[in-house]
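Before any comments, here is the structure.
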Number of protein chains: 2
Amino acid sequence: MLESTLARNSTTPPYKSSCMTCSFRELCLPVGLEDEEIELLGKLINHKFKVRRGEFLLHAGSPFKSLYAVKNGFFKTSVLKADGRQQVTGFYMTGELLGLDAISLGKHAGDTVALDDSEVCEVPFNKLEEIGRSIPLLMSQFHKIMSREIVQDHSVMMLLGSMRAEERLTTFLLNLSDRLSKRGYSSTSFILRMTREEIGSYLGLKLETVSRSFSKLQEEGLITINNKHVTLNNIDALNRKIGDAVY
Amino acid sequence: MLESTLARNSTTPPYKSSCMTCSFRELCLPVGLEDEEIELLGKLINHKFKVRRGEFLLHAGSPFKSLYAVKNGFFKTSVLKADGRQQVTGFYMTGELLGLDAISLGKHAGDTVALDDSEVCEVPFNKLEEIGRSIPLLMSQFHKIMSREIVQDHSVMMLLGSMRAEERLTTFLLNLSDRLSKRGYSSTSFILRMTREEIGSYLGLKLETVSRSFSKLQEEGLITINNKHVTLNNIDALNRKIGDAVY
DNA sequence: CGGTGGCTTGATAGTCTTCAATACATGTGG
DNA sequence: CCACATGTATTGAAGACTATCAAGCCACCG
């Protein structure tokens, strides 16, 4: 809190806005904007803060004021089930927007927790809507991002509704691989930031089933798994594994 | 096509716009708008057409140009799975917006089919974004609708990920009941517009399991089911059935 | 009124969960 | 820096739930 207040009050050096210099602007809200427009957007983001591993960014029920763009790091979102346990609804990495589900009810439906030391850019939502009126492309990009969230949720629904354990896990790994490669990381070798239980919660499986499925994929030679370190040995074969899924 | 062209060219009588006279404007895009603003919105909607039971409103892959507000009737949306079969992703009734998932990719991800004789209002999306700039509340309402879609998808994900057959079906029935009552219909007695197979596809179950779950709920005295006609005999008990779901 | 698609119900098989025991990893305090 | 504690992961065996296969029934439409 103190830190951010200081940051806001300190005179900004003759320096491009935060969005302008962000290496991930091609993945985030600024997509397609002119330089001056990105400057404007950057001025919205007067809070930019760190969230350490295990810390909450957002609590269920807290009032909605801002969206949060992930600058770096990794987050999970979860909602509270009737029985008191959490269900993971998504994992978020660099350039992705957190808090979209809160717009409708004016409060956050679930918790958002950092799974790795992270940094986020706070985007006050009323201001985003405000400057969106003068920057049509920004508004369009925002709509595309919301729509993308819906599309992704639909594909998760498809996964949960019609795939079995191994296929779900394979889909999950390929999705991570794809998103990581878009951000300049290896598509074949990466670290899982979440636990087996969190993966299971997201995929509608018990942690033991996740573990067994990992082992099975490894036996088949498709992946190598060592604790949290995964290597995809044959992405084509993994893709075929999903495509062939005939029920 | 011909019909709509005629409609557009014909001189409109001295008459309130379509949204202004629509009895469902409190459920739709006009929520919270002033009369003049609703007039403006109404002018966007120059297409308003019928879709008969079984007919397609939208085809997977077709280019995205408009959203469609359901004026009356009932729709299902579905996406094509890798194995060539369809998975139902949602059911839509009066006042709900169709096509939100197409914004991101510029084309429709799945099919939209009428399950009952229906009527929709076509909302050209570029024009919606355009007049949204001068009507902030319209834009806000649109954002809330998109966000609501995300929230709903998350609750379906929760359902698919952690509930068993009877609980899923109960949740589904209560959801229908709630939405119908908001539209002035009975919350305890209604007709299912979809088949057991479509319900199953949506809930991640086989049609036989849906049928068995219906029978089970009936044996327990919670519902009465007669083909497509359902009566909820004890909504409180049904709610408890979900709330108690401890895994 | 027959046909077709939709629905119900039974028996069996497959998949995932549950319960349980063990092993491993990480991080904290001595 | 090591030891221990706790959280995390693997694996086995038994049980629960849903899918599958199959037969018959029912409703609706032409």
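Atoms considered below: every heavy atom in the structure, side chains included; atoms not considered: hydrogens, waters and symmetry mates. Since this is a predicted model, take the numbers as computed values, not measurements. In the text below, chain A, chain B and the rest are named by the order of the sequence lines, each starting its count at 1.
- Using cut-offs of 30° and 60° for the angle between ring planes, the Phe91(A) and Phe74(A) rings count as parallel.
- Rounding to whole angstrom units, NZ of residue Lys206(B) and C1' of dA22(D) are separated by 16 Å.
- Among the protein residues, Thr209(A) comes within range of the nucleic acid bases, having at least one heavy atom under 4.0 Å from a base atom.
- Here Arg196(B) does not reach the OP1 or OP2 of dG6(C): none of its side-chain N or O atoms lies under 4.0 Å away.
- Looking at residues 210-219 of chain B, you'll see Ser211(B), Arg212(B), Ser215(B) sit with a heavy atom under 4.0 Å from some atom of DNA chain C.
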Q. In dot-bracket notation, what is the pairing pattern of DNA chain C, taking Watson-Crick (N1-N3 plus N6-O4 or O6-N4) and G-U wobble (N1-O2 and O6-N3) contacts under 3.5 Å, with [ ] crossing and | for other strands?
A. ||||||||||||||||||||||||||||||
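- Here dC28(D) presents its P atom at 13 Å from NE2 of His229(B), a figure rounded to the nearest Å.
- Take the nearest nucleotide of DNA chain D for Lys228(A) and for Arg168(B): the residue whose nucleotide is more 5' is Lys228(A).
- Between Leu222(A) and Ala237(A) the shortest heavy-atom distance is CD2-CB, 3.5 Å.
- With distances taken from any side-chain atom of Thr195(A) to the nucleotides dA9(D), dC29(D), dT17(C), the minimum falls on dA9(D).
- The nearest whole Å value for the distance from the CG atom in Leu160(B) to the P atom in dT18(D) is 13 Å.
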Q: I would like to know whether Leu232(B) and Ser177(B) meet side-chain contact (heavy atoms from CB on, under 4.5 Å); could you show each step before the answer?
A: CA-CA 9 Å; Leu232(B) 309 187; Ser177(B) 161; 3.7 Å; yes
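- Taking the salt bridge (Lys or Arg N to Asp or Glu O under 4.0 Å) definition, one finds that Lys76(A) meets it with Glu198(A), sequence neighbours left out.
- Across all strands shown, Gly204(A) has heavy atoms under 4.0 Å from sugar-phosphate atoms exclusively, and none from any base.
- Between Lys71(B) and Thr94(B), the closest heavy-atom pair is O-CG2, 3.4 Å.
- Whole-Å rounding puts the Glu197(B) CD to dA19(D) C1' distance at 14 Å.
- Residue Leu205(A) is classed as a sugar-phosphate contact, given heavy-atom separations below 4.0 Å to backbone atoms only.
- With Thr77(B) as the partner, the side-chain hydrogen bond (donor to acceptor under 3.5 Å, both in side chains) test is satisfied by one option alone out of Thr112(B), Asp101(B), Thr89(B), Asp111(B): Thr89(B).
- The residue among Met194(A) and Asn226(B) whose nearest nucleotide of DNA chain D is located toward the 5' end is Met194(A).
- Look at CD on Glu166(B): it is 13 Å from P on dA19(D), rounded to the nearest Å.
- Residues Asp178(B) and Ser187(B) have side chains that never bring a donor and an acceptor to within less than 3.5 angstrom of each other.
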Q: Given salt bridge (charged side-chain N to carboxylate O under 4.0 Å, His left out), test Glu96(B) with Arg179(B) step by step and report yes or no.
A: CA-CA 10 Å; Glu96(B) 297 175 332; Arg179(B) 285 154 73 197; 3.0 Å; yes
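- A perpendicular orientation is assigned to the rings of His47(B) and Phe49(B), their planes being inclined by more than 60° (bins at 30° and 60°).
- Distance Asn227(B) CG to dC29(D) P: 11 Å, rounded to the nearest Å.
- The Glu208(B) side chain lies nearest to dT9(C) when the options are dT9(C), dT8(D), dC16(C).
- One finds no side-chain N or O of Arg53(A) lying less than 4.0 angstrom from the OP1 or OP2 phosphate oxygen of dT26(C).
- With rounding to whole Å, Leu207(B) atom CG is found 9 Å from dT8(C) atom P.
- Side-chain atoms of Glu166(B) and Ser213(B) include no donor-acceptor pair closer than 3.5 Å.
- Rounded to whole Å, the distance from CD1 on Ile225(A) to C1' on dT11(D) is 15 Å.
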